[in-house]
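Notes to accompany the following structure.
Numbered from 1 within each chain, the chains take letters A, B, ... in sequence-line order.
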There are 2 protein chains.
Amino acid sequence: MDSDKITIHDIAKLLNIDSSTVSRALNNSPRVTEKTKNRIIAKANELGYQRNHLASNLRLNKTNTLGVIVPRISRHFFSSAIAGIEETAYKLGFNVIICQSLELLEREQSNINTLLANRVDGVLVSISMETENYDHFEGLKQRKIPFVFFDRHCNIPETSSVLIDDFKAGFDATEHLIIKGCQSIAHFSGPLHLEIYKNRFEGYKAALSKHNLDFNDALLFSSRLMEQDGIDNVNKMLALSFRVDGIFSANDVAAISAMQQLKREGITVPKDIAVVGFSNETISAIIEPSLTTINQPGFDIGRSATELLVSQIKNGTKHTTNEHIIIHANLIERNSSQKGKQPKD
Amino acid sequence: MDSDKITIHDIAKLLNIDSSTVSRALNNSPRVTEKTKNRIIAKANELGYQRNHLASNLRLNKTNTLGVIVPRISRHFFSSAIAGIEETAYKLGFNVIICQSLELLEREQSNINTLLANRVDGVLVSISMETENYDHFEGLKQRKIPFVFFDRHCNIPETSSVLIDDFKAGFDATEHLIIKGCQSIAHFSGPLHLEIYKNRFEGYKAALSKHNLDFNDALLFSSRLMEQDGIDNVNKMLALSFRVDGIFSANDVAAISAMQQLKREGITVPKDIAVVGFSNETISAIIEPSLTTINQPGFDIGRSATELLVSQIKNGTKHTTNEHIIIHANLIERNSSQKGKQPKD
DNA sequence: CTGTTAGCGCCTTCAG
DNA sequence: CTGAAGGCGCTAACAG
């Protein structure tokens, strides 16, 4: 028999009981004798029964589906995060729908409509670079669909998020350079209206301050996460009237192209100049094996955000959570013992 | 009113007609007057009606969902492919469930079970490195669930796939080196039981042969896609009794670590030695901006595979298709004009 | 062209 | 503890 089409009625008939009892047993209801429960489960396994989630979800008015909105799947941080999201979601019995905003506000809005049309039970979002207005999240709130921001968040009241401790990361990176002896440290930033770049910048300033170094805004170089920006930043930096001896780059795209430009200019990295950059294992291995980097724990963030979201979905009633989970990003001084490792995420 | 809970019955009642007519109109059935159709659609929009796919799918016994199995989401080629899959699937009205095999046969099998339990309408697969036995795909065949291989495929009869023209890519890469003047060209391969690496290797040999160069198996270096392999390959290569003047690397992981090892050994790339490697824009920009690479068109492959799969799902009856779509990978000689571009996928 | 009827597979009152 | 009955929202016969 097609094990594909076994329903609770089939197994009820074979056992001369009612399908409602089967349903209860399969949902582990306490209102069924252990004995009959066991008979039912045995028969279900024997027939290769698989619950029809469509029917179940229709009845229960839920989808067991999570929506995810990220700027771009192919950026390593996000694909790692998605790996963590998928794995955790499946474990908790949820499916996942993934959408890309491609850093466009308009697409982010239409992504939300897609997810709404799919009646997702909850949403995970990392906002686009363009997003400075948060009206499109109101639709989710109205329908009481919980959502959790991860990595890139925004300050909507009564909203949860899972973040990297960007302040600490920026602080650690900068302090690392200071302890190494750098006195004049440039900061390659990202779009400063995004919280993550703002916080990394604040960390940078705090570390300078702690070590009695003045902040010089000529040393702040912003960028829009383009390759060309890193090159431009290096050129501007080298045109300064004084010598820079360290760089903390808060975005990896700029970090990478900056490294290359430095090399083209005949500057040895990281001997002539010390650099710390946000990155990931693969990339950091490539740009400069001895470079100190700060890994973005994408997988962990994805896992953590999913767990938080699912707990909100299950709690149902109180949609007014305002929980913030902070995940640390660790400074990694790469050395030869790390070669040959496969990335885990 | 909660636009969330509008059903066809609500709009039927408001218009004093039957819900079945509404259903027909919304499905654009030809058996409804244009006039009533318009009234219905207008009212639906007014109320913000959204079809409940769960109910519809339950009735129609389908899920409008595609399953995807890839070795690892965070590898750039696969995340690009997924971007193409998602975009195409949504356009065609399908959702997507993504699974990672992590290059493990066992996980690939359990992925298929997950997808079966989700009653997906079709599956896209890029097999794991371990997969040499294809029994686990029988379950899909039995239940008449169509599946399409992409990139990494296997020779199951009556099965479709979307592939890169790996033979041509290998041929082009090698010929490129020969035309540049290389006489002694090493080949860094991948696991040769995988069709893609076999075909690239065949292309390599064919180019040598065309240009009257002998194949020397001391110049063939295999690997398991680990960083360490590229390093080992370079060391072995440098230990040869004769000089190598070109490398064609058929896998990017090895290519990257190999480049670094060459530099550590004081060899200038690509002056002392010419290299062509499989890669992607970002990575190739990093390892060596002037390096010639072969881009894997992940997005296109994802799109194409999805279109093929959906057409098979819609054709329903004939599950015996055996279609192979070949996508070309182009040789890219990077130059400065390509800097600053954002990747599109 | 439109209405009536029935049922996809499941879960949940309400009775017993 | 279990059975009977109804309905989630939609669509597809079958009538008219």
Minimum-distance nucleotide to A:Leu60 side chain [options: D:dC10, D:dA12, C:dT12]
C:dT12

CG of A:Leu15 versus C1' of D:dC1: gap in Å, rounded?
16 Å

note: A:Asp10, atom CG; C:dC10, atom P; distance rounded to Å ~ 9 Å

Give a yes/no on whether any side-chain N or O of A:Arg59 is located under 4.0 angstrom from OP1 or OP2 of D:dG9.
no

Would you call A:Glu307 and A:Lys91 a salt bridge, using N to O less than 4.0 angstrom?
no

When the distance from CZ of B:Arg39 to P of C:dT2 is rounded to whole Å, what number comes out?
9 Å

Whether the side chain of B:Asn95 engages the backbone of B:Thr65 through a donor-acceptor N/O pair (distance < 3.5 Å, no angle test) should be reported.
no

Across the strands shown, which category fits A:Ser19 at heavy-atom distances under 4.0 angstrom: base, sugar-phosphate, nothing?
nothing

Is it true that B:Arg152 and B:Glu103 have a side-chain N and a carboxylate O under 4.0 angstrom from each other?
yes

Which whole-number value in Å describes the distance from A:Ile8 CD1 to C:dG7 C1'?
14 Å

Interatomic distance, A:Leu26 CG vs C:dC11 C1' [rounded to whole Å]:
12 Å

Ring centroids only, cut at 6.0 angstrom: are A:Phe149 and A:Tyr134 within range, meaning strictly under it?
no

Ion pair present between A:Lys43 and A:Glu46, side-chain N to carboxylate O less than 4.0 angstrom?
yes

Looking only at side-chain N and O atoms, does A:Ser56 come under 4.0 Å of OP1 or OP2 in C:dC11?
yes

The residue, A:Pro30 or B:Leu58, whose nearest nucleotide of DNA chain D is more 5′ is A:Pro30

Could you check whether A:His9 gets within reach of a base, just the sugar-phosphate, or nothing at all, counting any heavy atom under 4.0 Å?
base

Between B:Asp10 and B:Lys13, is there a side-chain N and carboxylate O pair less than 4.0 Å apart?
no

For B:Ile6 and D:dG9, what is the distance between atoms CD1 and P respectively, to the nearest whole Å?
11 Å

Would you mind classifying the nucleic acid contact of A:Leu54 as base, sugar-phosphate or nothing, using non-hydrogen atoms under 4.0 angstrom?
nothing

A:Ser56 side chain to A:Asn52 main-chain N or O, any donor-acceptor pair under 3.5 Å?
no

Taking only N/O atoms, report every protein-nucleotides 13-16 of chain D pair under 3.5 Å with atom names and distance.
{"unit_1": "D:dA13", "atom_1": "N6", "unit_2": "B:Arg24", "atom_2": "NH1", "d": "3.4"}

Whether A:Asn27 contacts C:dC11 is assessed here as follows: a side-chain N or O lying under 4.0 Å from the phosphate OP1 or OP2. Is that the case?
yes

Return the value, rounded to whole Å, for the distance between atom CG of A:Asn28 and atom P of C:dC11.
13 Å

Under 4.0 Å, heavy atoms only, any strand: does B:Asn57 hit a base, just the sugar-phosphate, or nothing?
nothing

With a 4.0 Å cutoff (strictly under), does any side-chain N or O of B:Thr7 reach OP1 or OP2 of D:dG9?
no

Please give me the minimum heavy-atom distance between B:Pro71 and B:Phe78, naming the atom from each residue.
CD-CZ, 3.4 Å

From C-beta outward on B:Thr33, which listed nucleotide comes closest to its side chain: C:dC1, D:dT2, D:dG9?
C:dC1

Heavy-atom nearest nucleotide on DNA chain C taken for B:Thr21 and for B:Ala55; more 5' hit belongs to B:Thr21

Between CZ of B:Arg119 and P of C:dC8 the distance, given in whole Å, is 14 Å

By the 4.0 Å heavy-atom rule, please label B:Asn52 as base, sugar-phosphate, or nothing.
sugar-phosphate

If only side-chain N and O atoms of A:Ser23 are considered, is one of them under 4.0 Å from the OP1 or OP2 phosphate oxygen of C:dG9?
no

